[in-house]
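Worksheet: the structure to be examined is printed underneath.
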Amino acid sequence: MNRAPRVAAVHDLSGLGRCSLAVALPVLSVMGAQCCPLPTAVLSAHTAFPFPELSAFHDLTPVMEQTMVHWQALHADFDAIYSGFLGSSAQIHLLGELIRTFRGPDTLLLIDPVMGDHGRIYRTYTPEMCRQLGALAAEADVITPNLTEAALLLDEPYRAVPTRQAGVDQWLRRLSLDGARSVVITGVSFTPGTVGAGCFDRRTGKVHFAMSAREEGAFSGTGDLFASVLLGGLLRDETLADATARAVDFVQKAISRTLAAGTPILDGVQFEGLLRELL
Ligand code: PXL
């Protein structure tokens with residue numbers, strides 16, 4: 001049997017804003033993986049949109065539980081478990097259960113510890129959720145925090161975020177928990193015109209950086225785009241450094257295209273026309 005790699009994707013489904021499942025599904029599919037959604041919540045739009053009091057936020061915790069019961073009865077197995085935005089403490093607990101139930105010896109566990117950005121925690125995340133997610137992420141094979149999330153995981157203030165390569169190298173190694181997991185920190189920058197990611201590969205013990213031209217504008221969903229491209233690469237047996245470089249390059253191109261098109265920041269990045277580059 002020559003099956004496409006199968007991914008259990010534990011993310012929300014947001015109508016507007018190109019994030020989470022709306023990104024993971026097309027990216028993983030085009031990269032040759034089967035993306036099996038385990039939706040955490042359905043939202044009208046991601047949480048950065050105005051009028052949050054009007055937003056639909058339908059919590060799917062009971063659906064997650066029932067899905068896991070059904071998947072278990074079906075003996076479903078996965079080459080990767082990939083989590084992102086989670087809606088509540090109960091959902092983080094359930095993700096732990098999913099991992100215990102469905103993680104086989106060769107299942108890649110990628111936890112994107114989505115909690116915040118630009119030094120601020122997302123409004124739906126409580127301190128308890130951040131603590132719980134941090135504890136669960138200790139079991140991951142790969143984590144992909146941005147600098148805000150890296151600071152939270154290390155219990156460092158945001159002002160301590162490193163601005164030099166040696167500092168990011170140290171944070172990567174600290175986050176690796178003595179080399180137990182691989183780590184990719186996104187949004188690192190050492191010179192004004194560049195931005196990219198640093199990664200620590202637990203298989204080699206080495207740190208690599210992949211940098212690209214910095215585009216102006218902070219778009220939502222780029223973390224999800226990054227992690228999805230990275231996972232697609234890893235499932236094609238690319239090294240962590242190569243998959244990181246591919247993800248940095250793809251996100252930069254998508255932002256550049258979006259800026260050229262002039263569409264609103266909140267709508268996220270226009271990656272659709274670039275998907276064929278991931279084939
Ligand atoms: O891209 C992260 C993300 C995912 N899902 C939802 C979000 C965000 C970030 O704001 O609001 C619903």
Side-chain angles (χ1 to χ4, degrees), residues 7-28 35 37-61 63-64 81-92 94-95 110-126 129-130 133-134 136-137 143-153 158 184-187 195 197 215 217-232 247-248 250-252 254-255 258 263-272:
V7 179
V10 189
H11 293 256
D12 68 280
L13 183 61
S14 288
L16 295 178
R18 291 189 181 89
C19 64
S20 333
L21 281 175
V23 170
L25 277 160
V27 167
L28 288 169
C35 179
L38 182 51
T40 57
V42 176
L43 288 82
S44 43
H46 70 55
T47 58
F49 275 86
F51 309 117
E53 70 282 7
L54 297 179
S55 169
F57 189 131
H58 187 71
D59 184 298
L60 292 178
T61 306
V63 177
M64 290 174 73
I81 296 172
Y82 169 32
S83 75
F85 183 92
L86 295 161
S88 65
S89 210
Q91 291 193 349
I92 301 173
L94 269 184
L95 173 62
L110 191 161
I111 296 186
D112 186 5
V114 174
M115 293 185 280
D117 208 355
H118 310 293
R120 297 181 56 186
I121 299 179
Y122 295 134
R123 61 181 176 81
T124 54
Y125 274 71
T126 63
M129 285 169 72
C130 294
L133 190 55
L136 192 59
I143 58 168
T144 53
N146 58 32
L147 282 166
T148 303
E149 292 152 354
L152 280 167
L153 291 172
Y158 185 63
V184 185
I185 301 183
T186 60
V195 68
E215 307 287 348
F219 291 89
S220 303
T222 48
D224 301 332
L225 188 60
F226 181 94
S228 299
V229 174
L230 180 88
L231 178 59
V248 166
F250 191 78
V251 171
Q252 186 269 329
I255 296 177
T258 308
T263 46
I265 294 244
L266 284 171
D267 285 348
V269 292
Q270 299 203 43
F271 62 86
E272 295 84 0

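Source: prediction; values computed, not measured. For ligands, and for the atoms within them, numbers begin at 1 and follow the listed sequence.
- In T124, neither the side chain nor the backbone holds a heavy atom less than 4.0 Å from any atom of ligand 1.
- With hydrogens and angles ignored, the 3.5 Å screen pairs no side-chain donor or acceptor of Y158 with any backbone N or O of L152.
- When only interatomic distances are considered, the shortest N/O to N/O separation between D12 and ligand 1 falls below 3.5 Å.
- For atom 4 (C) of ligand 1, the nearest protein heavy atom (residue, atom name, distance) is S20 OG, 3.2 Å.
- Residues L153 and P113 meet the side-chain proximity criterion, which asks for heavy atoms closer than 4.5 Å.
- Distances shorter than 4.0 angstrom occur between a heavy atom of S14 and an atom of ligand 1.
- Contacts between T47 and ligand 1, counted as non-hydrogen atom pairs separated by less than 4.0 Å, involve both the backbone and the side chain.
- Listed for the H46 side chain is a donor-acceptor partner under 3.5 Å among the backbone atoms of A48.
- Residues L266 and P50 have side chains in contact (heavy-atom distance under 4.5 Å, counting atoms from C-beta outward).
- Where the criterion is an N or O separation shorter than 3.5 Å, residue side chain and backbone included, H46 fails it with respect to ligand 1.
- With a 4.5 Å cut-off on side-chain heavy atoms, L110 and L230 count as touching.
- Between Y122 and ligand 1, a contact under 3.5 Å exists for no N or O pair.
- If you number the atoms of ligand 1 from 1 as listed, the ones under 4.0 Å from a heavy atom of C19 come out as 1 (O), 4 (C), 5 (N).
- If you number the atoms of ligand 1 from 1 as listed, the ones under 4.0 Å from a heavy atom of L43 come out as 12 (C).
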Test side-chain contact (heavy atoms from CB on, under 4.5 Å) on T40 and M64; report intermediate values, then the result. CA-CA 7 Å; T40 57; M64 290 174 73; 4.1 Å; yes

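- For the pair D267 and F49, the minimum side-chain heavy-atom distance is below 4.5 Å.
- The nearest heavy-atom contact from the protein to atom 6 (C) of ligand 1 is F85 CD1, 3.5 Å.
- In this structure, the side chains of M129 and M115 stay at 4.5 Å or more apart for every pair of heavy atoms.
- When hydrogens are left out, the protein atom nearest atom 2 (C) of ligand 1 is D224 OD2, 3.5 Å; that is the closest non-hydrogen contact.
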